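The figures that follow rest on heavy atoms only: side chains count, while hydrogens, waters and symmetry mates do not. All figures in this text were calculated on a predicted structure; none of them were measured in a lab.
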Amino acid sequence: MHGLRLLIADDHELVRDAIALFLRSEGGIEAVTVGDLPSAVQAIETQGPFDLVLLDVMMPGMNGIDSLREVLAMAGGQRVALISGSASAEIAEQALALGASGYLPKTLSAKSLANAVRFMAMGEQYAPLAFLRNARPETPHPLAQRLSRRELDVLQGLTGGKANKEIARDLGITEPTVKLHMKTLYRKIGAHNRTQAAIIAKEEGLF
């Protein structure tokens, strides 16, 4: 596969540069960065085609799903995905239904992000399990079927590299409860520790 050409459009310079830096360090990925929608449109017109365009939902010039529709319709037929700091299942579902390549919350770990970018650049659709579960309840993931909703939430947190304290805070539960969920989910998916659980979840395409 040839090197990937990526356009990252995000008004938070730190986020934009961090994503670009990590992806470039992975090798074989060229990342162009801009800070608003008009600049993204201009980059597509003058520097395209890109294998994948990442659009921040809240940046200047962006009008949610309408702007996504416009960029998808631009010449070059680029694959477009949304990135967001305030993840919304509703927007994720609308974006995927429109034909977007995916929906990436900024809470994703750098490694997960890189994997998702490669996945989408190959023509696949990507969204975290929480969104896919809402958008496609009729086809639950076989691994997900073995776990309770809470165990899935905990597994998603640890797969994203979060500490127990962070997972507990995100889910509004105590750390001992998180540890209890981990113990049961390890048993259900055949993992011995958090690293193994994260690897199993990744290899199974759960997140």
Side-chain angles (χ1 to χ4, degrees), residues 1-132 134-135 156 160-162 170 207:
M1 186 177 178
H2 69 284
L4 297 179
R5 294 196 73 233
L6 195 66
L7 175 64
I8 303 168
D10 193 311
D11 61 326
H12 292 101
E13 194 176 346
L14 193 65
V15 172
R16 185 174 75 221
D17 291 349
I19 293 172
L21 189 68
F22 182 81
L23 292 174
R24 287 181 189 129
S25 75
E26 287 283 283
I29 298 179
E30 178 196 340
V32 174
T33 61
V34 295
D36 54 45
L37 185 66
S39 302
V41 168
Q42 187 179 11
I44 292 167
E45 289 172 344
T46 60
Q47 300 179 57
F50 292 97
D51 294 295
L52 184 66
V53 176
L54 295 180
L55 298 177
D56 176 32
V57 177
M58 301 301 285
M59 69 181 166
M62 236 351 231
N63 184 21
I65 293 297
D66 290 340
S67 296
L68 169 66
R69 192 180 282 116
E70 287 164 24
V71 176
L72 281 168
M74 285 180 70
Q78 50 283 315
R79 300 184 183 103
V80 186
L82 294 178
I83 48 178
S84 173
S86 53
S88 152
E90 190 185 352
I91 291 180
E93 287 173 36
Q94 289 175 3
L96 294 171
L98 266 182
S101 293
Y103 188 90
L104 304 172
K106 290 180 185 176
T107 49
L108 274 184
S109 68
K111 192 70 188 167
S112 298
L113 183 85
N115 289 339
V117 162
R118 292 184 187 282
F119 193 63
M120 292 186 294
M122 289 189 294
E124 301 289 340
Q125 273 195 325
Y126 174 88
L129 184 74
F131 299 121
L132 292 183
N134 289 331
Q156 184 169 16
K162 291 184 178 180
D170 289 349
F207 302 114

*Asks:* Using 0.5 Å steps for rounding, measure from the CG atom of Asp10 to the OG atom of Ser84.
*Replies:* 9.5 Å
*Asks:* Quick one, Leu52 and Leu4 - any side-chain contact, counting heavy atoms below 4.5 Å?
*Replies:* no
*Asks:* To check you understand the geometry: which heavy-atom pair defines the closest contact between Ala81 and Met120, and what is its length?
*Replies:* CB-SD, 3.7 Å
*Asks:* Between Thr33 and Ile19, does a side chain to side chain contact (heavy atoms under 4.5 Å, CB included) hold up when you go through it step by step?
*Replies:* CA-CA 10 Å; Thr33 61; Ile19 293 172; over 6 Å; no
*Asks:* Using the test side-chain contact (heavy atoms from CB on, under 4.5 Å), find all partners of Ala114 that sit at least two apart in sequence or belong to another chain.
*Replies:* Phe22, Leu23, Glu26
*Asks:* Would you check if Met62 and Leu82 make a side-chain contact, meaning some heavy-atom pair closer than 4.5 Å?
*Replies:* yes
*Asks:* I'd like to know whether Asp11 forms a side chain to side chain contact (heavy atoms under 4.5 Å, CB included) with Asp56, so could you lay out the CA-CA distance, the side-chain angles of the two residues, the decisive distance to 0.1 Å, and finally the verdict.
*Replies:* CA-CA 8 Å; Asp11 61 326; Asp56 176 32; 3.0 Å; yes
*Asks:* Check whether Gln94 reaches the backbone of Ile65 with its side chain - one donor and one acceptor, N or O, closer than 3.5 Å.
*Replies:* no
*Asks:* Applying salt bridge (charged side-chain N to carboxylate O under 4.0 Å, His left out) as the test, list every pair that has at least one member in residues 68-80; sequence neighbours left out.
*Replies:* Asp66-Arg69
*Asks:* So do Leu55 and Val80 actually touch side chain to side chain, heavy atoms under 4.5 Å?
*Replies:* yes
*Asks:* Which heavy-atom pair separates Ile29 from Arg118 by the least distance, and what is that distance?
*Replies:* CD1-NH2, 3.8 Å
*Asks:* Quick one: side-chain contact (heavy atoms from CB on, under 4.5 Å) partners of Glu30, sequence neighbours excluded?
*Replies:* Arg5, Val32
*Asks:* Mind checking side-chain hydrogen bond (donor to acceptor under 3.5 Å, both in side chains) for Asp17 and listing every partner two or more places apart, or none if nothing turns up?
*Replies:* none
*Asks:* Tell me every residue that passes side-chain contact (heavy atoms from CB on, under 4.5 Å) with Ala100, counting only those two or more places apart in sequence or in another chain.
*Replies:* Leu68, Ala95
*Asks:* Minimum heavy-atom separation for Phe50 to Leu6, with atom names?
*Replies:* CD2-C, 3.7 Å
*Asks:* Please tabulate, one pair per line, all N/O donor-acceptor pairs under 3.5 Å involving side-chain atoms of residues 41-48, not counting sequence neighbours.
*Replies:*
| from | atom 1 | to | atom 2 | distance (Å) |
| --- | --- | --- | --- | --- |
| Thr46 | OG1 | Gln42 | O | 2.8 |

*Asks:* Can you sort out the partners of Pro38 under side-chain contact (heavy atoms from CB on, under 4.5 Å), two or more places apart, ordered by chain and number?
*Replies:* Asp36
*Asks:* Are the side chains of Leu37 and Val71 in touch, meaning some heavy atoms are under 4.5 Å apart?
*Replies:* yes
*Asks:* Which atom names give the shortest non-hydrogen contact between Ile8 and Ala31, and what distance separates them?
*Replies:* CD1-CB, 4.1 Å
